[in-house]
2 protein chains.
Amino acid sequence: MTKNIFLQIYQEYSGRIQTGALAPGSKMPSENELAREYNTSRETVRKALHLLAQNGYIHKIKAKGSFVLDIGRMDFPIGGLVSFKEMSERIGRKSQTIVHENQLIPVPDDIAAHLEIDKDKYWVWKVIRAREIEGECVILDKDYFRSDIVPVLTEDISRESIYEYLEGELHLPISYAKKVVSVEDADEEDRRLMDLLNYTHVVVVRNYVYLEDTTLFQYTESRHRLDKFQFVDFARRSHGEERKSDF
Amino acid sequence: MTKNIFLQIYQEYSGRIQTGALAPGSKMPSENELAREYNTSRETVRKALHLLAQNGYIHKIKAKGSFVLDIGRMDFPIGGLVSFKEMSERIGRKSQTIVHENQLIPVPDDIAAHLEIDKDKYWVWKVIRAREIEGECVILDKDYFRSDIVPVLTEDISRESIYEYLEGELHLPISYAKKVVSVEDADEEDRRLMDLLNYTHVVVVRNYVYLEDTTLFQYTESRHRLDKFQFVDFARRSHGEERKSDF
DNA sequence: AAGTGGTCTAGACCACCAC
DNA sequence: TGGTGGTCTAGACCACTTG
């Protein structure tokens, strides 16, 4: 956080591309031009361009230049999951959150396994929230937080944004997360708390969140109604990597 | 492709981590040590470590060092979709491919839209393949390739690996891809060509593949039986990015 | 030949952590 | 205080495209 010129360049250009101020297909200034413009070195510019490329904003062509992509301006953010809630809010629909449960409990067996902790040594905050969009409950979130790391969690916080609380208030250094997505049978709780219509299955997103010291402190199970789930993935063919998969 | 020291470092360490030769939790050599060891500069080492971090192999902690993560050794590759086919092959099960269709056709309306081309100006190769795993057809792939870019496509190629053909034989510079995943009603074709059991829906992965000059040349619709679909996503909290989403 | 992005170097200073 | 990773610099050479 000393200066972060590259971040500034990244944010300026990602912003212009997202708003459409920089049209898809248009050519970026060359690295040398940007270096002059920002009064910095070329490597610093390249760091910013690399970030833009990774996040699907631009595409770099050797000996030709960098070009703005049209991907991503639509269904952002790319490179991660886009829940229906985010999608909806992005296009201006409002969502509502209903907190069904918000309490400190001993660690259930299955959660102890997910959080990789000894169930006798910890307690966890359990939060169950239903997400209502356009009058329908289509997402059910079950969060579990290690209480030694998150000592207090009120219903008000859960109704607003736990995330902002963790980072803004508790200053937890959230670092990375792993998500596993699958489709599973809907259970009784799903049917009770969501408007499942006739759907017999739900999309389950299991989210494991880690701090900067690699502590796993949160496990979340997000259950989505089938028709209201979508996500976008942007994949670059990494340099010398194999990853032949689905290309 | 001149020297690519950073790639060599990346591949050596990603290999060791994948095989378990480097245990999760263990500490990487410091950047200065690696620079000495590989007789290169620190920035080059950092490039390699950055790649390792991005792909979920290691985690860097300022002023402390880089540490091997246990994520990813299991269900690789992270940072993209992992189809059931890949998963199965990774754990030693064999899959079989049945080519149902392999022909050059005028561009159907919906495909023209997906490929963003004028339907009167092109023809496309249409390939329909069923993927059988452990005796069950659980994946149906429908591929469409612009015939001006892929002039020839035989059934043999489709049965083996179209991907290897495109890169190995045609030397197509495949660059990046966008995937959109959703759950949809199974159609008559799904029921006819897959072993759908009683499932009424399928997971649909729409894949748009681009060349280095940003040409969109392939569209693939991959339809998975609900119970045989899973993927893993590894998300880093990028530097100055927002991305508050599901963290 | 000029311009582009890709790679690499050999330094530098900083903030942070552990000792 | 010494080691770590984070950032930045001012060069360099390369392969490639374009005029």
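Lettering of chains follows the sequences in order, A, B, ..., and the numbering in each one begins at 1. Since the structure is predicted, the reported quantities are computational estimates derived from the model, not experimental observations.
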>> By nearest heavy atom, map A/Ala63 and A/Thr44 onto DNA chain D; which one lands nearer the 5' end?
In response: A/Thr44

> OH of A/Tyr38 versus C1' of D/dT9: gap in Å, rounded?
Replying inline: 18 Å

>> Between P on D/dT4 and NE2 on B/His59, what's the gap in Å once rounded to a whole number?
In response: 17 Å

>> Whether A/Ser66 contacts C/dT4 is assessed here as follows: a side-chain N or O lying under 4.0 Å from the phosphate OP1 or OP2. Is that the case?
In response: no

> Counting heavy atoms not belonging to A/Asn39, are there more than 12 under 6.0 Å from its CG?
Replying inline: no

> What is the distance, rounded to the nearest whole Å, between atom CD1 of A/Ile5 and atom C1' of D/dT9?
Replying inline: 10 Å

> Can you check the B/Asp213 CG to D/dC16 P distance for me, whole Å?
Replying inline: 16 Å

>> Please determine whether a side-chain nitrogen or oxygen atom of B/Ser41 lies at a distance below 4.0 Å from atom OP1 or OP2 of C/dC8.
In response: no

>> Under a 3.5 Å threshold, yes or no: a donor from one side chain and an acceptor from the other, between A/Asp213 and A/Thr215?
In response: yes

>> With no hydrogens and no angle check, just 3.5 Å: does a side-chain donor-acceptor pair link A/Tyr144 and A/Glu221?
In response: no

> Is any side-chain N or O of A/Lys60 closer than 4.0 Å to OP1 or OP2 of C/dG6?
Replying inline: yes

>> Any side-chain N or O of A/Arg42 below 4.0 angstrom from OP1/OP2 of D/dT9?
In response: no

> When the distance from CZ of A/Arg46 to C1' of D/dC14 is rounded to whole Å, what number comes out?
Replying inline: 13 Å

> A/Glu43 has an atom CD; how far is it from atom P of D/dG6, in whole Å?
Replying inline: 16 Å

>> Whole angstroms only, please: what is the CD-P distance between A/Gln8 and D/dG6?
In response: 21 Å

>> Please confirm whether the shortest side-chain N or O distance from A/Lys64 to OP1 or OP2 of D/dT18 is below 4.0 Å.
In response: yes

> Given atom CG of A/Asn4 and atom P of D/dG6, what is their separation to the nearest angstrom?
Replying inline: 11 Å

